[in-house]
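What follows is a short report on a single structure.
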Amino acid sequence: TVITSPTSSITATSANSGGAVTSNGGGNITAWGVCWSTSPNPTLANSFLANTANSAGFSSVISGLILNTTYYVRAYATNSAGTSYGNQETFTTLNIPTVTTTPISSITISSANSGGAVTSNGGATVTSWGICWSTSPNPTIANSFLQNTVNSTGFSSAISGLIQNTTYYVRAYATNS
């Protein structure tokens with residue numbers, strides 16, 4: 001007999017789950033862990049992680065998950081008579097935040113203003129937001145960026161130090177876990 005622990009530490013691509021073997025069914029436990037799927041009642045025919053430490057209480061980090069997706073997870077245990085599955089737990093991975101960029105304004109030979117708004121937190125607290133820019137399309141925070149610290153629902157930033165007569169690309173960004 002096996003029970004599934006509640007899922008915890010859910011991110012966009014991973015989650016923690018586990019379980020405990022509460023009875024060996026009269027035989028030696030040869031395998032235990034968790035299995036998961038995007039369909040209900042996952043089995044070892046789906047994705048699974050085998051544990052090697054203490055079958056009486058185990059934990060697994062499920063990784064490589066797809067963001068904003070519902071998963072079903074069950075603990076399992078195997079003895080010589082077969083495999084048993086625990087209760088099913090359901091969780092949904094987080095999504096990345098959604099952000100809009102405001103039009104660029106107050107353009108001078110070396111500065112401009114832009115900003116944005118976080119329209120969805122993706123299911124987790126937004127930890128940073130602001131704007132990023134580059135002379136190449138689709139800038140990221142690996143390029144130049146300004147982080148805002150006030151009101152993620154509507155923010156504005158003054159970009160300075162720009163080179164005159166140069167085309168710049170600007171995007172708002174937001175980060176969650």
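Start at 1 with the first residue, then count along the sequence.
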Q.
Run the side chain to side chain contact (heavy atoms under 4.5 Å, CB included) test on Leu65 and Phe91 for me, step by step, so that the C-alpha distance in whole Å, both residues' side-chain angles and the decisive distance to 0.1 Å come before the verdict.
A. CA-CA 11 Å; Leu65 303 177; Phe91 67 95; 3.8 Å; yes
Partner residues of [X] under the side-chain hydrogen bond (donor to acceptor under 3.5 Å, both in side chains) criterion, sequence neighbours left out:
{"X": "Ser136", "value": "none"}
{"X": "Asn51", "value": "Ser60"}
{"X": "Thr13", "value": "none"}

Gap between atom [atom2] of [Y] and atom [atom1] of [X] - 0.5 Å precision:
{"X": "Ser157", "Y": "Asn148", "atom1": "OG", "atom2": "CG", "value": "3.5 Å"}
{"X": "Cys35", "Y": "Leu44", "atom1": "SG", "atom2": "CG", "value": "5.5 Å"}
{"X": "Ile159", "Y": "Ser114", "atom1": "CD1", "atom2": "OG", "value": "6.0 Å"}
{"X": "Asn68", "Y": "Leu94", "atom1": "CG", "atom2": "CG", "value": "8.5 Å"}

Please report the closest heavy-atom contact between [X] and [Y], naming both atoms and the distance.
{"X": "Ala112", "Y": "Ile104", "value": "CB-CG2, 3.8 Å"}
{"X": "Ala158", "Y": "Leu146", "value": "O-CD1, 3.2 Å"}
{"X": "Gly18", "Y": "Ala75", "value": "O-CB, 3.8 Å"}
{"X": "Phe155", "Y": "Val99", "value": "CZ-CG2, 4.5 Å"}
{"X": "Asn41", "Y": "Arg74", "value": "O-NH2, 3.6 Å"}

(Q) List the residues meeting side-chain contact (heavy atoms from CB on, under 4.5 Å) with Ala50, not counting sequence neighbours, and say none if there are none. (A)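 Scan of Ala50 (side-chain contact (heavy atoms from CB on, under 4.5 Å), adjacent residues dropped) gives Tyr76.
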If you group Ile, Leu, Val, Met, Phe, Trp and Tyr whenever their side-chain heavy atoms sit less than 4.5 Å apart, what else falls in with [X]?
{"X": "Val61", "result": "none"}
{"X": "Leu67", "result": "Ile96"}
{"X": "Ile3", "result": "none"}

Which atom pairs, one a donor and one an acceptor, fall under 3.5 Å between side chains of residues 138-145 and the rest of the protein, sequence neighbours left out?
residue, atom, partner, partner atom, Å
Thr140, OG1, Ala142, N, 3.1
Asn143, OD1, Thr140, N, 2.9

Q) Stepwise, does the side chain to side chain contact (heavy atoms under 4.5 Å, CB included) test hold for Thr135 with Tyr168? A) CA-CA 5 Å; Thr135 56; Tyr168 286 90; 3.7 Å; yes
Q: Measure the shortest side-chain to side-chain distance between Asn121 and Asn176 over non-hydrogen atoms and say whether it is less than 4.5 angstrom.
A: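 No. Closest side-chain heavy atoms not under 4.5 Å.
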Q: Give every residue pair that meets the side-chain hydrogen bond (donor to acceptor under 3.5 Å, both in side chains) criterion with at least one member in residues 21-37, sequence neighbours excluded.
A: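 Passing the test, one end in residues 21-37: no pairs.
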Q | Listed once per pair and sorted, the side-chain hydrogen bond (donor to acceptor under 3.5 Å, both in side chains) pairs that draw on residues 84-103, sequence neighbours left out | A |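 Found Thr70-Thr92, Asn87-Glu89.
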Q: With sequence neighbours excluded, tell me which residues meet ring pair (Phe, Tyr, Trp, His ring centres under 6.0 Å) with Phe48.
A: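 Partners of Phe48 under the ring pair (Phe, Tyr, Trp, His ring centres under 6.0 Å) test: none.
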Residues 123-131, side-chain donor-acceptor partners within the protein, below 3.5 Å, at least two apart:
residue, atom, partner, partner atom, Å
Thr127, OG1, Thr175, O, 3.2
Ser128, OG, Thr175, OG1, 3.4
Trp129, NE1, Val150, O, 3.4

